[in-house]
Novice: 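The structure that follows is given in the form of structure tokens.
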Amino acid sequence: MMKKLTVITCVLLLLSIAGTRAQSKNSPCLFAYFKGNGEDGLHYAWSSDGYKWAALKNDHSFLTPTVSKDKLMRDPCIIKGSNGIYHMVWTVSWNDKGIGYASSKDLIHWSGQEFIPVMANEKEARNCWAPEITYDEQSRTYMIYWATTIRGKFPETASKADDGYNHRLYYTTTKDFKTYTATKLLYDPGFNSIDATIVKDAGRFIMFLKDETREPAQKNLKIAYSKTLTGPYTAASAPITGKYWAEGPTSLKIGNTWLLYFDKYTEHKYGAISSTDLKTWQDISAQISLPEGLRHGTILKISAKELALLKAVQ
């Protein structure tokens with residue numbers, strides 16, 4: 001009798017795991033983004049297939065920015081933490097030395113917004129752009145990373161173009177979003193770089209980033225890899241985007257297929273490419289549809305229940 005019960009228990013457990021995986025694979029996707037200059041705050045769109053997106057709340061803001069002198073909410077990045085709480089960071093200003101942070105249990109009701117002065121100790125820091133968060137399960141640590149120009153640093157890639165910006169990627173870590181480690185350099189690819197986004201897959205960390213070089217113009221997306229979240233990362237790949245200017249990448253994996261969304265900002269529209277091996281990429285821009293005016297954000301998977309609650313917000 002005990003052997004029979006053990007077999008039944010194992011079967012039920014396997015069915016439960018299979019059901020969870022199926023639910024995860026078929027989970028709706030949420031695109032958190034901004035519009036304009038980020039004055040009105042956080043916008044959402046949702047998708048059932050990762051290609052066709054519809055705005056929520058009539059494309060009105062879910063959260064109005066309140067921190068920093070400029071009070072902007074650009075480049076929102078949201079991830080679900082290990083305890084089920086959602087964490088969001090964003091660009092608060094074009095020229096401030098910190099970033100914004102808030103948390104939520106349901107993506108609707110957010111905590112008080114905080115200003116994290118991540119570059120306050122760098123006298124010559126000009127900005128903090130496009131922060132993102134990636135969670136490291138092994139160390140149970142969150143890494144927050146962003147792009148900053150520090151006057152006088154990296155003279156080998158200095159230029160007078162683009163107002164003299166010459167970015168590199170920096171980071172801090174936290175376990176509780178209350179205390180943070182000292183800011184360090186995350187990645188110097190040997191060129192002006194911004195808009196990094198990092199995901200873990202098959203035991204390695206994959207960084208998509210923008211080569212911001214203006215002379216001669218690059219303005220494309222590349223990939224680097226690391227065995228550990230904080231690096232070191234490999235040399236950046238050849239460009240994976242085409243002969244247009246691209247920025248603000250965010251990735252989504254459906255089955256074995258990677259989708260990489262990005263802003264074709266000089267053309268005022270979004271583009272996307274897909275790959276099954278992260279080496280050969282196909283332009284699928286003609287297959288996607290997004291709300292008009294959508295700008296740099298992040299894609300995450302949510303539950304059907306969470307989507308229903310978001311749809312109910314007026």
Novice: Looking at Tyr145, Tyr171, Trp146, which one forms a side-chain contact (heavy atoms from CB on, under 4.5 Å) with Glu132?
Specialist: Tyr145

Novice: What ring-ring contact (aromatic ring centres under 6.0 Å, His included) pairs are there with at least one residue in residues 61-85, not counting sequence neighbours?
Specialist: Tyr44-Phe62

Novice: Please say whether more than 12 non-hydrogen atoms of neighbouring residues, nucleotides or ligands are located less than 6.0 Å from NZ in Lys69.
Specialist: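 For Lys69, atom NZ is crowded (more than 12 foreign heavy atoms under 6.0 Å).
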
Novice: Give a yes or no on whether Glu137 atom CD has more than 12 heavy-atom contacts from other residues, nucleotides or ligands under 6.0 Å away.
Specialist: no

Novice: How about Asn220 and Gln218: does a side-chain donor come under 3.5 Å of a side-chain acceptor?
Specialist: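 Checked: Asn220/Gln218 side chains pair up, N/O donor to acceptor below 3.5 Å.
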
Novice: Check whether more than 12 heavy atoms from other residues, nucleotides or ligands sit under 6.0 Å from atom CG of Asp49, and answer yes or no.
Specialist: yes

Novice: Say whether Asp195 and Thr197, considering side chains only, have a donor N or O and an acceptor N or O under 3.5 Å apart.
Specialist: no

Novice: Show me the donor-acceptor pairs, under 3.5 Å and distance only, between side chains in residues 221-236 and residues at least two apart or in other chains.
Specialist:
{"from": "Lys222", "atom 1": "NZ", "to": "Asp211", "atom 2": "OD2", "distance (Å)": "2.8"}
{"from": "Ser226", "atom 1": "OG", "to": "Thr228", "atom 2": "N", "distance (Å)": "3.1"}
{"from": "Ser226", "atom 1": "OG", "to": "Thr228", "atom 2": "O", "distance (Å)": "2.6"}
{"from": "Ser226", "atom 1": "OG", "to": "Pro232", "atom 2": "O", "distance (Å)": "3.0"}
{"from": "Thr228", "atom 1": "OG1", "to": "Gly231", "atom 2": "O", "distance (Å)": "2.6"}
{"from": "Tyr233", "atom 1": "OH", "to": "Leu229", "atom 2": "O", "distance (Å)": "2.6"}
{"from": "Thr234", "atom 1": "OG1", "to": "Tyr225", "atom 2": "N", "distance (Å)": "3.0"}

Novice: In terms of heavy-atom contacts, does NZ of Lys184 have more than 12 from other residues, nucleotides or ligands at under 6.0 Å?
Specialist: no

Novice: Listed by chain and number, what are the ring-ring contact (aromatic ring centres under 6.0 Å, His included) partners of Tyr165, not counting sequence neighbours?
Specialist: Trp129, His167

Novice: List, one per line, each side-chain donor-acceptor pair under 3.5 Å for residues 72-84, sequence neighbours excluded.
Specialist:
{"from": "Arg74", "atom 1": "NH1", "to": "Asn37", "atom 2": "OD1", "distance (Å)": "2.8"}
{"from": "Asp75", "atom 1": "OD1", "to": "His296", "atom 2": "ND1", "distance (Å)": "3.1"}
{"from": "Asp75", "atom 1": "OD2", "to": "Thr91", "atom 2": "OG1", "distance (Å)": "2.6"}
{"from": "Asn83", "atom 1": "OD1", "to": "Ile85", "atom 2": "N", "distance (Å)": "3.1"}

Novice: Do Asp162 and Lys219 sit within salt-bridge range, that is, some charged N less than 4.0 Å from a carboxylate O?
Specialist: yes

Novice: Output a table of donor-acceptor pairs, distance under 3.5 Å, between side-chain atoms of residues 251-259 and any protein atom two or more places apart or on a different chain; print 'none' if there are none.
Specialist:
{"from": "Lys253", "atom 1": "NZ", "to": "Asp201", "atom 2": "OD1", "distance (Å)": "2.9"}
{"from": "Lys253", "atom 1": "NZ", "to": "Asp201", "atom 2": "OD2", "distance (Å)": "3.3"}

Novice: Side chains of Thr157 and Asn166: any donor to acceptor distance under 3.5 Å?
Specialist: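 Their side chains do contain a donor-acceptor pair, which is all the 3.5 Å distance test asks for.
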
Novice: Output side-chain donor-acceptor pairs under 3.5 Å for residues 51-58, partner residues at least two apart or in another chain, one line each.
Specialist:
{"from": "Lys52", "atom 1": "NZ", "to": "Gln287", "atom 2": "O", "distance (Å)": "2.9"}
{"from": "Trp53", "atom 1": "NE1", "to": "Tyr261", "atom 2": "OH", "distance (Å)": "3.0"}
{"from": "Lys57", "atom 1": "NZ", "to": "Ser61", "atom 2": "O", "distance (Å)": "2.8"}

